[in-house]
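Below: the structure, in structure tokens.
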Protein chains: 2
Amino acid sequence: MRHDKKLTIKDIAAAAGVSAATVSLVLNGKGEISSVTRARVLEAVASLNYVPRVAKSGSAAAATLRFLKIAKHGHTVNRDHSVFISDYIDGMSSEASRRSYKLEIASFEGQPISAVAETIAGAPISGVIVLGTELTEEDIVLIQGLGVPTVFIDTFHPIVDANFVDMNNEDAVHKVLARFQEQGFERIGFVTSHVDTTNFRLRREAFFSNVDRLGITIDPADILSVESTYEGSYLDTRRLLSDGLKLARCYFCTNDIIAYGFIRALREHGVSIPGDVSIIGFDNLPQSATMNPSLTTIEVSKRKIGYLAVAILDEIINAGEPQPPVKILVGAELVLRDSHDAGNSNGTATLLRSGSVADQLISSSSARKA
Amino acid sequence: MRHDKKLTIKDIAAAAGVSAATVSLVLNGKGEISSVTRARVLEAVASLNYVPRVAKSGSAAAATLRFLKIAKHGHTVNRDHSVFISDYIDGMSSEASRRSYKLEIASFEGQPISAVAETIAGAPISGVIVLGTELTEEDIVLIQGLGVPTVFIDTFHPIVDANFVDMNNEDAVHKVLARFQEQGFERIGFVTSHVDTTNFRLRREAFFSNVDRLGITIDPADILSVESTYEGSYLDTRRLLSDGLKLARCYFCTNDIIAYGFIRALREHGVSIPGDVSIIGFDNLPQSATMNPSLTTIEVSKRKIGYLAVAILDEIINAGEPQPPVKILVGAELVLRDSHDAGNSNGTATLLRSGSVADQLISSSSARKA
DNA sequence: TGGGGGAAAGTTTAGTAAACGTCTGCGGTG
DNA sequence: CACCGCAGACGTTTACTAAACTTTCCCCCA
């Protein structure tokens, strides 16, 4: 069939054996069309080389959302954390397709934010979801200023006029410290990092605000700062130990990667985990379940974050008038494993330890329920 | 038509002149049915006294959400603020009906939370939205513990395992203080209240954290505490003035009601607003636009809060598995009016004042745009 | 009395008729 | 030749139904 023959949607409908309305619904991804019928229509379109009269702006049936995965320095947006990106994308993707959007992904590593911004302005997209882990407040203001509907995830600024979906660090750290406190640990430590990301800063602030809230006393010597990579955390901890660091009874580590390196150095130093030192991480990376000892850690639903980001972005896109900025905090859950026990700061009798294990199993059940 | 005559959906369909499938869609609130056809079907159902064979658990086509308006002490949940309740309800109602829910409202004044709780447990409702303005953290934990899908609005607790939708006090107060700072006011005051509501506390905390953030110095004598009613604020301010209070150049008032009383007392004391003292309130009550001088104030979209509460509640209700708690902060807007000018703390020449008025008109335009 | 099978009642899926909205082409006029 | 207006063609959307599917009830038999 020649291309100069003027084809209409009626010709496709006749060829596919359906109505014109059905062809329109298929081409626009609307209505409830069986996959058999849809395939038939698309085959007729392809074999007849049909070009619709109405020019489609993107030539795509569905509007497009773009996810910007930005690694400015790569300290936290890296392969160690790629499972996060995957979880975010899963949540975004399912909600995007539910709302008839296409989800594109664009990665940036080590590029200036201005370069990122250039790819957004004028692009045939309805909105963007930005991974803000390694972005500064200034970066966020710049991207927001482009006027494209935008939601930032994995970062949070209470007073920037932009939309955010992030984990609730305050709540998460509270669960950790409350847990240490319940277990009678009198000397609580914190392994942080000097890397400048908002979530690290929020987690540090959450540590101190929850220390106040729970009436915990912290020895400043128990606040350690290490490099945020596995190797850096390991080496920094080894150095601290060889400098004669006196260990606290338990440590909350800013994230799981840091916890892995920290644990490795402690164990090589002859420290028993969790017998001598209990450890709680943050992130629930897959390895945290399988390592030895398995790591007690904070789980945040990254899928939920991705899902909510798309939901909020859709509202912004479809709003008839300017919307007030919305900031969403998604709650966390403490996942109890072997790196953390119920021992207290003085040695325990075997019987008490045995009871503590039973308590731990019960607590594990209730923590998972929460 | 006798009730013992066995009626089926086919009889209703015949009476309404539609198919049985259409009757079913109407009764179950599904599909795309015109209001004319829906009315016809419902009329046939009513006039024929049709009772479906399948017993409906609630006997209602739509599931029900209940809004609990709780005034524990009435200091802020009162007639002065009934426009808020109305705005919340508008936002909830439109989203509830969009999602095929009925919205019920139940009011409680001066009753213990346990009495409120008793009305929820076992009630034929899918979920509740609770006005948490005057609730304590313990109240919230108690209600949340009932196991009914619940969202709290107009209050916020970062570490309570519950869902919240509230205004972003941090952002709002930042806008106020940034505005004072931009205008060169060197002596900034704050009118707060000793009434124990979470938003008042959050607003106080936000005041101090933004003072720090913006590098503002505050004289403790410029922090005033008054009663939270119009009359109480007026009388308390009069007392402070007769005690020889030295006024700051500008004051942020915790809410509009307090601002009204504060302004009245100042003016009776011969103080010119905004010439001698600029005032910014919080809430944008209707009267703030019409009073003399009209009040510069913070506007929060209560409709948006109501809307988001229903959206989140629907997700909780329909989730196949437990969801992490979600906390949402809705942004605010500074509405510039006559109670606040651009004057600085030293007297200004008429020419500069005239320029300041022009600046104010421009700023008003840009603030409204934000 | 209990269980199984079949029919009736009700629900859901997916397609279309018809109304609605947009675009293009043609004819008329200046 | 260019521009404007109108009518018809083309494509989209709304809302209803046919038919397939699911649930419930009733009757019959052991």
Side-chain angles (χ1 to χ4, degrees), chain A residues 1-46 48-63 97-102 126 314 318 320, chain B residues 1-46 48-63 97-100 318 320:
Chain A
M1 192 63 76
R2 290 308 184 86
H3 196 67
D4 52 10
K5 165 82 191 280
K6 196 67 182 179
L7 281 169
T8 72
I9 213 165
K10 284 181 189 170
D11 301 312
I12 306 300
V18 297
S19 67
T22 299
V23 175
S24 180
L25 293 173
V26 168
L27 293 183
N28 290 292
K30 300 191 172 182
E32 297 172 343
I33 310 291
S34 73
S35 51
V36 172
T37 303
R38 184 184 301 111
R40 224 163 56 230
V41 171
L42 294 176
E43 185 180 346
V45 169
L48 297 184
N49 263 327
Y50 169 68
V51 176
R53 189 187 72 170
V54 182
K56 303 209 187 285
S57 57
S59 86
S97 76
R98 202 177 73 81
R99 293 170 185 251
S100 304
Y101 286 108
K102 286 190 179 176
S126 302
D314 186 38
N318 290 313
Chain B
M1 193 61 74
R2 289 308 186 90
H3 196 67
D4 52 10
K5 166 81 190 282
K6 197 68 182 176
L7 280 170
T8 73
I9 212 163
K10 285 182 187 168
D11 302 311
I12 306 300
V18 298
S19 68
T22 300
V23 174
S24 179
L25 292 173
V26 170
L27 293 181
N28 289 294
K30 300 190 174 185
E32 298 172 343
I33 310 290
S34 74
S35 52
V36 172
T37 301
R38 185 185 298 111
R40 225 164 55 231
V41 171
L42 294 175
E43 185 180 345
V45 168
L48 296 183
N49 263 329
Y50 169 68
V51 176
R53 187 186 73 173
V54 181
K56 301 204 189 285
S57 56
S59 87
S97 76
R98 201 177 74 82
R99 291 172 188 252
S100 305
N318 289 315

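Chain A is the first sequence line, chain B the second, and so forth, proteins listed ahead of strands; every chain is numbered from 1.
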Leu27(B) CG to dT11(C) P, straight-line distance once rounded to whole Å: 7 Å
Residues in side chain to side chain contact (heavy atoms under 4.5 Å, CB included) contact with Ala15(B), at least two apart in sequence or another chain: Ala44(B), Leu48(B)
Tyr50(A) to Thr8(A) - nearest heavy-atom pair and separation: CE1-C, 3.6 Å
Check the distance between dA7(C)'s P and Ile9(B)'s CD1 and give it to me in whole angstrom. 21 Å
Please give me every residue in residues 17-24 of chain A whose heavy atoms get under 4.0 Å of an atom in DNA chain C, ordered by residue number. Val18(A), Ser19(A), Ala21(A), Thr22(A)
Can any side-chain N or O of Arg38(A) pair as donor or acceptor with the backbone N or O of Val26(A) at less than 3.5 Å? no
Nearest-Å distance for atom pair NZ/C1', residues Lys10(A) and dA18(C): 13 Å
Identified side-chain contact (heavy atoms from CB on, under 4.5 Å) counterpart of Val45(B) within the set Ile12(B), Leu7(B), Ile9(B): Ile12(B)
List in chain and number order the residues that pass side chain to side chain contact (heavy atoms under 4.5 Å, CB included) with Leu25(B), two or more places apart in sequence or in another chain; answer none if no residue qualifies. Lys30(B), Ile33(B)
Of the nucleotides dT12(C), dG11(D), dT12(D), which has the atom closest to the Leu25(B) side chain? dT12(C)
Within residues 30-46 of chain B, which residues have any heavy atom lying less than 4.0 Å from an atom of DNA chain D? Glu32(B), Ile33(B), Ser34(B), Thr37(B)
Hey, is the side chain of Tyr50(B) poking within less than 4.0 Å of OP1 or OP2 on dG10(C), counting only N and O atoms? yes
Could you tell me how far apart Asn28(B) (CG) and dT23(D) (C1') are, to the nearest whole angstrom? 13 Å
